[in-house]
Amino acid sequence: MVSSIYIHIPFCSNICSYCAFTKQFYNEKLVESYLKSLKKEIDENYKNELIKTIYIGGGTPSSLKINELKELFDILKIIKLAKEYEFTFEVNPENIDKEKLILLKENGVNRISMGVESTNLKLLNYLGRKHDFNLVKDKIKLIKELGFNNINVDLIYAIPNETIDDLKKDLDNIISLNVNHISTYSLMIEPHTILYINKEKNIDEEIDFEMYNLICNTLKENGFNHYEISNFSKFGYESHHNLVYWNNQEYYGFGLGASGYIDNIRYTNTNILNEYINNFKREEEILSLKDKISYELILGFRKINGINKNDFYDKYKIDIHEVYNIKELLEKEYLEENNTNIYIKYDKIYIENSILINFIGE
Ligand SMILES: C[S@@+](CC[C@H](N)C(=O)[O-])C[C@H]1O[C@@H](n2cnc3c(N)ncnc32)[C@H](O)[C@@H]1O
Ligand code: SF4
């Protein structure tokens, strides 16, 4: 049964040069209409299930004003939370403050995810971000003082002109924040972004790989467990919400451009604000058994521990060795297995995507 919810807040106080997510400039009138439509969508679709993980992401949820955040939490009052739950709220350093954090705490948020991206002013400027590392340090301190002890920060690397030394410094700075989860992203230059329009080019693949290895080694040396291709956590602080995605479990996705997976259907809401507010539409993909197995493999192999063989059998009544080219992948030593799990060989994790595309052919 579904026990997770993603909620998208598509407003930002600043648009970054690399961002292709569903977002737009903050606008008070639009926020007002948006929250009304979000309420309608949640009221009409949520079926009273006990919820174990909620993730409010964006855009920039912390760009909403305090009265708008209060309204958002009023909308969420109908959601029944399990006794043990994880409730994440994404914040940007420049628009989160004490008053908002207290409101989050009062409303059950127990995990904060901050878009730090870099600690280097030159790189932050390139990314079009409006904060600096001093502000990050102040805000992380405040977040901790207010009693949040489960904190993620996002780091972007492989930024054009970034050197290995720049990345080393970023990692040192981020480790010094003493948070328990770090998500890392290699910069992608995506269509319709400022970087793309400016014809910026990605860093060399070789340097990207070197940077990825540096991140993995440095974070592991500093007590982080590498549990998903791009995610690292201190023991016990893996993101339960993201694990729902990687374990191919169902979840609601509410809001503009949000995706969900319910009753065998994967859906994506329209990403056109006017349509979301006035004429709600979403695209749906009804999954066959083969589709479900593809998702299970593509998502499951993102985890360093891979896929539990018994769980796979219980779900699909097929031995995982019999699907696609799993046997061949084992023979070619792209995959390995132990008593319980089957997983991508650690030194092949970086090329995980190309392995799966070749064999599963998505
Ligand atoms: C959609 S953003 C939302 C969070 C928040 N608004 C922020 O910007 O920090 C989630 C994360 O995705 C990453 N991201 C977004 N666009 C990216 C890109 N083109 N390449 C690499 N990482 C990207 C950033 O690290 C960002 O923090
Ligand atoms: S990266 Fe985050 S803050 Fe920047 S435009 Fe995208 S969603 Fe907004």
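Just so you know, these numbers come straight off a predicted model, no measurement behind them. Atoms within a ligand are numbered from 1 in the order they appear, just like the ligands themselves.
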* To do: State the atoms of ligand 1, each with its element, that fall below the 4.0 Å cut-off from a heavy-atom position in Gly115.
  => 9 (O)

* **Any donor-acceptor N/O pair, Asn338 side chain to Asn341 backbone, under 3.5 Å** => yes

* **Closest approach of Lys137 to Leu177 (non-hydrogen atoms, all atoms of both residues)** => CG-CD2, 4.0 Å

* Is the distance between the ring centroids of His226 and Tyr346 under 6.0 Å? -> yes

* Report yes or no: does Glu228 contribute a side-chain atom to a donor-acceptor pair with the main-chain N or O of Ser230 at less than 3.5 Å? => yes

* Determine, for Glu117 against Arg129, whether the closest basic-nitrogen to carboxylate-oxygen distance falls under 4.0 angstrom. => yes

* Have a look at Glu296 and tell me which of Lys315, Lys303, Arg302 forms a salt bridge (charged side-chain N to carboxylate O under 4.0 Å, His left out) with it. => Lys315

* Structure fact -> Any heavy atom of Ser183 under 4.0 Å from ligand 1? The part involved is neither

* Main-chain N/O of Ser239 paired to Tyr227 side chain as donor or acceptor, under 3.5 Å -> yes

* Among all protein heavy atoms, pick out the one at the shortest distance from atom 10 (C) of ligand 1; state its residue, atom name and that distance to 0.1 Å. => Asp154 OD2, 3.9 Å

* Asked: In ligand 1, which numbered atoms sit nearer than 4.0 Å to a non-hydrogen atom of Thr60?
  -> 6 (N)

* Return the option from Ser17, Gly58, Pro61 holding the heavy atom at the smallest distance from atom 2 (S) of ligand 1. => Gly58

* For the residue pair Asp208 and Ser186, what are the closest heavy atoms and their distance? -> OD2-OG, 2.7 Å

* **Tyr245 and His241 aromatic ring geometry - parallel, tilted or perpendicular at 30°/60° bounds** => perpendicular

* To do: Could you tell me if the ring centre of Phe11 sits under 6.0 Å from that of Tyr34?
  => yes

* Asked: Remaining members of Met1's ILVMFWY cluster at a side-chain heavy-atom cut-off under 4.5 Å?
  -> none

* Structure fact -> Check: of His131, His8, Glu190, Glu90, min heavy-atom distance to atom 3 (C) of ligand 1 comes from Glu90

* Which bit of Asn92 is near ligand 1, meaning a heavy atom under 4.0 Å away: side chain, backbone, both or neither? -> side chain

* Can you pull the residues with any heavy atom under 4.0 Å from ligand 2? -> Cys12, Asn14, Ile15, Cys16, Tyr18, Cys19, Lys23, Gly59, Thr60, Asn92, Arg129

* Nearest heavy-atom pair of Glu238 and Leu243: which atoms, and what distance? -> CB-CD1, 3.8 Å

* **Carboxylate-amine/guanidinium proximity below 4.0 Å for Lys77 and Asp74** => yes

* Asked: Can you check whether Glu117 has an N/O within less than 3.5 Å of an N/O in ligand 1?
  -> yes

* Asked: Does any N/O atom on Gly59 come nearer than 3.5 Å to any N/O atom on ligand 1?
  -> yes

* Asked: Which is closest to atom 14 (N) of ligand 1 by heavy-atom distance: Tyr18, Tyr157, Tyr196?
  -> Tyr18

* Asked: What's the shortest distance from atom 21 (C) of ligand 1 to any protein heavy atom, and which residue and atom give it?
  -> Ser186 O, 3.4 Å

* Close-contact set for ligand 1 against Met188 heavy atoms, below 4.0 Å -> 18 (C), 19 (N), 20 (N), 21 (C)

* Select the closest option to atom 23 (C) of ligand 1 among Asn95, Ile156, Val91, judged by heavy-atom distance. => Ile156

* **Element-labelled atoms of ligand 1 that are located less than 4.0 Å from some non-hydrogen atom of Phe21** => 1 (C), 15 (C), 16 (N)

* Is the closest heavy atom of Arg129 to ligand 1 under 4.0 Å? -> yes

* Audit row: Lys281, Tyr276, side-chain hydrogen bond (donor to acceptor under 3.5 Å, both in side chains) steps and yes/no -> CA-CA 7 Å; Lys281 283 191 186 133; Tyr276 181 76; over 6 Å; no

* Structure fact -> atom 22 (N) of ligand 1 sits nearest the protein heavy atom Tyr185 CB, 3.3 Å

* **Which of the ligand 1 atoms, numbered from 1, are nearer than 4.0 Å to a heavy atom of Leu187** => 20 (N), 21 (C)

